[in-house]
Amino acid sequence: MSMLHVVLVVIAVELVTLLGLFLVLVTMHVRKSGAKTRKFRRFWVRLLPEALEGRREPTVRIKESIVTDACFTLFHEFMDEQLRQLGSGSPLRLRHLSRRLGFTQRLQRQLAESRDPLDRAAAAKTLGRLRERLPREAVAELLRSEDPAVVLAAGYAAASFRDPSYFIPVFRAVYQRTRITLHGIAELLSRFEEGVCPVIHKTLENLIAQYSRKTPSRSFNPNKQVDRSDQAAQVVMVDLLAFFAYRPAAGSLLRLLRLSEHEEVLIHIVKALAKMGDTGAIPSLSELLTHPNWVLRSQAVQALATLGAVESAPLILARLEDDDLRVRVYAQKALHSLGEVELHEKVYA
Amino acid sequence: MKEVLYYINLLFFAYFVFINGFYLYLIVISAHTVRRYARVSAMTEYEGIFGTTFYKPVTVIVPAHNEEETIVHTVASALAVRYPELEVVAVNDGSTDGTMDALIRAFDLVPAPGVVRCDIPCAPIRGLYDSMTYSGLRVVDKDQGGKADALNAGINVSSFPLVCNIDADSIIDVQSMVQITRPFLEDHRVVAVGGVVMPANDCVIENGEVKQVRLARSGLARFQIVEYLRAFLFGRMGWSRLNAVMIISGAFAIFRRTALIEVGGYRTDTVGEDMELILRMHRVFYDKKKQYRILFLPDPICWTQVPEDMKSLSKQRRRWQRGLAESLMKNRRLCLNRRYGGVGLLGFPFFVFCELLSPAIEVVGYFIVATAIVAQAIDWQLAVTFLACAMLLGTIMSMSSLLLEAVAFRKYPSLRDTLILSGYAFLESFGYRQLHSFWRCRGLADFVTKRGSWGQPVRRAF
């Protein structure tokens with residue numbers, strides 16, 4: 001076989017490949033924006049409001065069509081879109097409709113039986129958004145996955161379901177099995193909504209008890225198997241309590257403020273106390289005005305201003321002589337916001 | 001003589017097989033990565049960050065030098081981006097046209113007091129301006145120092161932990177900022193993320209937002225659409241999967257501010273400052289044994305005007321090639337250095353042999369093959385069929401990128417547009433590609449003779 005023949009064979013292969021690529025491209029277009037898809041979407045956009053309000057019951061034919069593979073994928077995309085638009089609103093009606101259509105059951109089957117973890121995670125995600133109870137074992141298995149994307153999707157699914165009992169497993173899994181940042185963890189866990197605050201509060205209490213006893217505790221310690229610091233987990237929990245402004249935890253935060261040696265944790269506690277608006281924190285915050293760390297001093301100054309701690313004004317005034325320029329600037333701003341005329345005069349003097 | 005020509009042709013053949021084999025490998029891994037990304041992305045609730053305070057605020061830096069025609073639209077588009085907390089810093093880099101006046105008029109600017117941190121050295125700043133109508137806008141007026149210097153000034157002025165750079169003739173897709181910042185939340189090692197840049201010529205743009213994506217009318221712009229898709233979707237996506245991203249386009253890139261400062265910001269002595277920065281990041285972070293990731297994502301999009309006349313396009317490509325050469329030269333320590341992992345052993349040598357030298361090899365190749373045919377060292381039928389084979393392979397690669405586009409973001413949803421682009425993917429092998437190689441050769445010559453400058457491309461209003 002000569003070289004010419006070899007090249008001709010390669011050209012033939014290339015032509016076939018090119019034709020194949022072209023056909024796949026056209027098929028994909030027809031499938032995704034073709035007549036059938038458009039018809040399906042138009043039909044559901046028209047039917048959905050009536051079906052949700054119970055004015056029209058989907059026929060047996062519609063129900064049967066939903067569970068076929070082609071329509072299921074389209075309907076899954078359609079429902080995800082609806083749930084995204086719904087945001088944090090209640091999906092109660094969509095949940096009822098999904099059950100009536102057999103869509104929920106099909107998702108549960110996918111969650112239980114699919115071999116592809118991403119498919120299972122996608123099913124879990126939609127079920128979570130619909131606030132359908134997720135089988136604990138299935139979620140636990142997804143959270144144990146080696147693939148960070150699957151762990152995160154499972155975490156979001158469980159968080160969307162808003163069952164506080166999932167909080168610790170999700171926190172532990174995303175903390176240990178992914179490279180997510182503290183902001184990312186907090187954003188994910190905030191989807192659990194306010195109901196999760198008592199769980200966080202209890203975890204912090206355990207931590208405080210551990211600090212007090214100075215002995216190992218059996219409480220949640222996300223640092224057990226990873227090279228991340230324990231203080232990072234504390235920061236996330238404090239941030240979540242602050243995000244929900246959960247005032248019953250203010251006392252615990254104050255105790256942690258006294259016990260913790262990690263400056264990063266202290267900074268977040270100071271911010272949290274300010275956000276909770278707990279004036280009982282003013283004495284402890286005033287003590288921090290002389291802390292060696294300038295960030296803590298400046299945060300304490302800002303927190304006192306937020307809490308309207310006029311009684312701490314002399315201490316804040318003293319910060320105008322602080323060694324650090326940034327603390328001096330924050331002290332000026334704080335004194336302005338406290339609004340006392342004589343303080344303003346002193347600032348300008 | 002005949003024998004020498006025969007063996008030279010064999011060498012060219014081996015080069016051809018190597019380069020295209022590797023490109024095919026990149027296509028396969030890109031296809032896998034894009035498909036997976038699309039599935040994971042469908043599960044991600046990007047909108048969730050709007051309900052929380054757990055996000056990283058972003059500063060968008062828009063450097064501008066004589067961009068009177070487009071600057072207002074670009075800044076307006078940056079301000080229109082959907083993101084919970086965003087600051088736009090427009091940097092007027094010593095423009096001699098009406099850029100500054102256009103900004104003052106459009107955004108009601110007033111001089112602002114303030115001290116600028118000098119984290120990265122830059123040319124003197126003449127003044128800072130704040131907008132009376134947009135609280136998130138700050139304008140920096142400075143002496144001319146080039147694009148890199150303007151970006152450095154913008155980084156100094158920025159107050160947020162993430163810094164996004166866009167060109168003055170670019171428009172960020174409204175949803176893209178939420179997507180492109182996501183990796184910074186999901187992986188603490190990420191220091192830089194790049195998005196796709198797409199030609200915006202003839203798209204419908206209102207209030208700084210792309211309302212309707214339309215295929216450009218100009219043939220030259222259509223060739224560039226195919227080219228951009230190929231470069232971004234299977235080139236950079238593949239390298240991202242191999243953890244060896246060598247370039248993130250300066251037209252749309254986002255960085256951790258601390259990382260930019262750590263490596264010393266942009267270098268002002270190269271026209272390829274975007275690539276040079278990425279290579280330097282690899283070098284510095286590897287040297288410091290720091291865990292880091294530089295990623296490329298296929299769906300955050302930034303729209304840009306591409307040249308529609310040969311002269312501007314030729315200038316742009318020559319500049320890009322010179323920038324590539326300068327960046328590789330300045331970071332040559334990476335080459336074949338085991339210490340720098342995939343970047344040193346794979347990415348860098350590939351860029352030298354297959355991106356930097358390929359146009360020269362291609363042009364010389366045409367000449368050698370022609371000589372060999374005349375000297376009857378090779379069979380002319382073989383040469384012609386081989387040429388056809390090479391052209392078809394190029395078309396396969398372009399078609400693959402169109403397919404990846406359909407999987408990843410489907411910005412051209414109509415079948416008609418796809419068919420037209422497929423036609424251009426086929427046609428580009430007949431003339432456009434050869435012309436492109438010629439421009440790149442001239443860019444190499446510019447690098448060797450140290451000629452050329454940024455030049456001023458022809459801009460038209462959006």
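All heavy atoms count here, side chains included; hydrogens, waters and symmetry mates do not. The chains referred to below are lettered A, B, ... by the order of the sequence lines, with proteins before strands, and numbering in each begins at 1.
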Give the ring-plane orientation class for A:Phe192 versus A:Phe167, where under 30° counts as parallel, over 60° as perpendicular and anything between as tilted.
perpendicular
Geometric class of the A:His76/A:Phe72 ring pair [parallel <30°, tilted 30-60°, perpendicular >60°]:
tilted
Show every salt bridge (Lys or Arg N to Asp or Glu O under 4.0 Å) that has at least one partner inside residues 180-192 of chain A, sequence neighbours left out.
A:Glu187-A:Arg191, A:Glu187-B:Arg182, A:Arg191-B:Glu45
Heavy-atom contact with chain A under 4.5 Å, split by part of [X]:
X	result
B:Thr53	both
B:Tyr412	backbone
B:Ala42	backbone

Just by modelled atom types, is the A:Glu141 backbone N or O under 3.5 Å from a matching donor or acceptor in the A:Ser145 side chain?
no
Okay, side chain of B:Arg117, backbone of B:Ser158: is any donor-acceptor separation there less than 3.5 Å?
yes
Does anything in residues 378-402 of chain B get under 4.5 Å of chain A by heavy atoms, and if so which residues?
B:Gln381, B:Leu382, B:Thr385, B:Phe386, B:Ala388, B:Cys389, B:Leu392, B:Leu393, B:Thr395, B:Ile396, B:Met399, B:Ser400, B:Leu402
Can you say whether A:Thr126 sits under 4.5 Å from chain B via the side chain, the backbone, both, or neither, judging by heavy atoms?
neither
Honestly, the part of A:Leu8 sitting under 4.5 Å from a heavy atom of chain B is side chain
Evaluate side chain to side chain contact (heavy atoms under 4.5 Å, CB included) for A:Arg129 paired with A:Leu86, printing each intermediate quantity in order.
CA-CA 10 Å; A:Arg129 281 175 181 164; A:Leu86 194 67; over 6 Å; no
Side chain to side chain contact (heavy atoms under 4.5 Å, CB included) between B:Arg82 and B:Met177, intermediate numbers included:
CA-CA 7 Å; B:Arg82 269 173 62 73; B:Met177 194 58 81; over 6 Å; no
Would you say the rings of B:Phe18 and B:Tyr15 are close, in the sense that their centroids are separated by under 6.0 Å?
no
In terms of heavy-atom pairs under 4.5 Å with chain A, which of B:Lys56, B:Glu405, B:Met43 leads?
B:Met43
Start with the C-alpha gap between A:Lys271 and A:Asp239, add the side-chain angles, then the distance that decides, and say whether salt bridge (Lys or Arg N to Asp or Glu O under 4.0 Å) holds.
CA-CA 8 Å; A:Lys271 285 183 183 173; A:Asp239 281 356; over 6 Å; no
